[in-house]
Number of protein chains: 2
Amino acid sequence: MARESVDRREAILDSAASLFAQKGVAATTVRQIADEVGILSGSLYHHFDSKEAMVDEIISSYLEDLRTRYENVLKRETNPRDKLHDLVAASLEVVEAHPHATEIYQNNVNYLLQLDRFSYLRSAGKQVQNSWLQVIEEGIAEGAFRADLDPKILYRLIRDAVWLSVRWFKPSKDYPIASLAEDCTSLFLDGLTTTRA
Amino acid sequence: MARESVDRREAILDSAASLFAQKGVAATTVRQIADEVGILSGSLYHHFDSKEAMVDEIISSYLEDLRTRYENVLKRETNPRDKLHDLVAASLEVVEAHPHATEIYQNNVNYLLQLDRFSYLRSAGKQVQNSWLQVIEEGIAEGAFRADLDPKILYRLIRDAVWLSVRWFKPSKDYPIASLAEDCTSLFLDGLTTTRA
DNA sequence: GTCTATAAGTCGATAGAC
DNA sequence: GTCTATCGACTTATAGAC
């Protein structure tokens, strides 16, 4: 593949991702994407089969990156506390690397799951859940984490807090992604209260 | 207004809310709404001016309920810990009372904010943020809450965890909304760790 | 209050010239 | 690889009969 066409594809995907994230997948038209790139809508179909194919490519490379990073975290031999931190940090790194894809996923899962093409999102979601549950349940079994809270509920609360940061977090030199990961982990592990009993 | 037409309006709004929540606002057509109600799409316009008008009515009655409940929580004279719990509980009660509206808001804010009609969502969001910040900052000032975490970041993490529960939480007799509110508050206040130093 | 019928526009996608 | 030109389907919304 020629160098220019690779860049062209990427440029189209970038514009598409930005629009999908901003307006939603269903509300974004192929004409709007073409306008952003500076070509006509028909020309998009030289590069992609359909609008859905663009979404698919954006989402699946995002999920693949996520899967790899979670795998790396899970194979480390650390205590539950550090492992939870690493899972939070890995998630936030993926948010930073794929902000548009993260937002597209968060806002459009329901819509995408209606389409046969995206049924794989179900198993991808389960795989993510299993990673978190593994860490949480290990922490409880070792006595490091409280046993009075349902692991699945803990997972969902933490997951949503972490992933939705894509909607508001803008990394800066003063407050980079690693700092948010620290604060996040500290809140979930130690809580908001200063003193206890 | 005749009794039947009130019920009819409500029935239409219920069907619309269910579809908007499930598929997204942009991806839901007026024909689908009419099908669910059992009438033809043209007949909807006897009851509502437009599809946007339906969304507007769903969202604004949801936000009005939320505003009232937060107001009641804030005027109670309780300690920061209880006040945070009450804010979480009030939010979850609103989730229970308006599950569709909550989900519509969460998944479609970006899309709705593009439309002039929904610019009021901006100030509504700020009002919600102020309620939470008031409680968090009071807790820090009184020494009940940690001072090393940015209140705005705390607010956003807690907010997203609480509101996104609409995507997965189904209240039951064994685990009602009040129990989730307890667990949620306990996690944020006391953390996941069993022992400390 | 719901129907029939349709206007007026936009949608995703295609065919073929260049 | 982008253009011109367009198809057919689908969209929101309206007008007027019943």
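All heavy atoms count here, side chains included; hydrogens, waters and symmetry mates do not. First the proteins, then the strands, lettered A, B, ... as listed; each starts at 1. The model shown is predicted, which means the values in this text are computed figures rather than measured ones.
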Sequence neighbours left out, what passes ring-ring contact (aromatic ring centres under 6.0 Å, His included) with B/His85? Give chain and number order.
->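 Partners of B/His85 under the ring-ring contact (aromatic ring centres under 6.0 Å, His included) test: none.
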
Those residues that, when tested against B/Phe118, pass ring-ring contact (aromatic ring centres under 6.0 Å, His included) (two or more places apart) =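 ring-ring contact (aromatic ring centres under 6.0 Å, His included) list for B/Phe118, sorted by chain: empty.
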
Using whole Å, report how far CG of A/Leu44 lies from C1' of D/dG1.
->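 After rounding, the gap between these two atoms is 12 Å.
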
Check the distance between C/dC3's C1' and B/Ile39's CD1 and give it to me in whole angstrom.
->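 Whole-Å distance recorded here is 10 Å.
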
Select base, sugar-phosphate, or nothing to describe what A/Leu40 touches, counting heavy atoms under 4.0 Å on all strands.
->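 Counting heavy atoms under 4.0 Å across all strands, the contact made by A/Leu40 includes a base.
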
A/Arg9 side-chain N/O to D/dG1 phosphate OP1/OP2 under 4.0 Å |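 Looking at the OP1 and OP2 atoms of D/dG1, neither is under 4.0 Å from any side-chain N or O of A/Arg9.
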
Closer than 4.0 Å, any side-chain N/O of B/His46 to the OP1 or OP2 of C/dC3?
->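 B/His46 to C/dC3 OP1/OP2: no side-chain N or O under 4.0 Å.
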
Between A/Asp190 and A/Arg81, is there a salt bridge with N-O shorter than 4.0 Å?
->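 A salt bridge links A/Arg81 with A/Asp190.
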
Can you name the salt bridge (charged side-chain N to carboxylate O under 4.0 Å, His left out) partners of B/Asp183, sequence neighbours left out?
->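 In terms of salt bridge (charged side-chain N to carboxylate O under 4.0 Å, His left out), with neighbours along the sequence ignored, B/Asp183 is linked to no residue.
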
Sorted by first residue and then second, give each salt bridge (Lys or Arg N to Asp or Glu O under 4.0 Å) pair with at least one member in residues 141-159 of chain B; sequence neighbours left out.
->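 Output for this query lists B/Arg146-B/Asp148.
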
With a cut-off of 3.5 Å and sequence neighbours excluded, list every side-chain donor-acceptor pair involving residues 87-96 of chain B.
unit_1  : atom_1 : unit_2  : atom_2 : d
B/Ser91 : OG     : B/Tyr70 : OH     : 2.7
B/Ser91 : OG     : B/Leu87 : O      : 2.7
B/Glu93 : OE1    : B/Arg69 : NH1    : 3.2

Close approaches to DNA chain D from residues 14-24 of chain B, in residue order (heavy atom, under 4.0 Å) |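 Under 4.0 Å from DNA chain D: no residue of residues 14-24 of chain B.
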
Mind checking what makes side-chain contact (heavy atoms from CB on, under 4.5 Å) contact with B/Asn110, not counting sequence neighbours?
->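 Only A/Glu103, A/Asn107 meet the side-chain contact (heavy atoms from CB on, under 4.5 Å) criterion with B/Asn110.
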
Who are the side-chain contact (heavy atoms from CB on, under 4.5 Å) partners of B/Glu137, not counting sequence neighbours?
->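 Expected list: B/Leu133, B/Pro151.
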
Spell out protein contact along nucleotides 12-18 of chain C as letters: B when the base is contacted, S when just the sugar-phosphate is, - when no protein heavy atom is under 4.0 Å; keep the 5' to 3' order.
-> BBB----

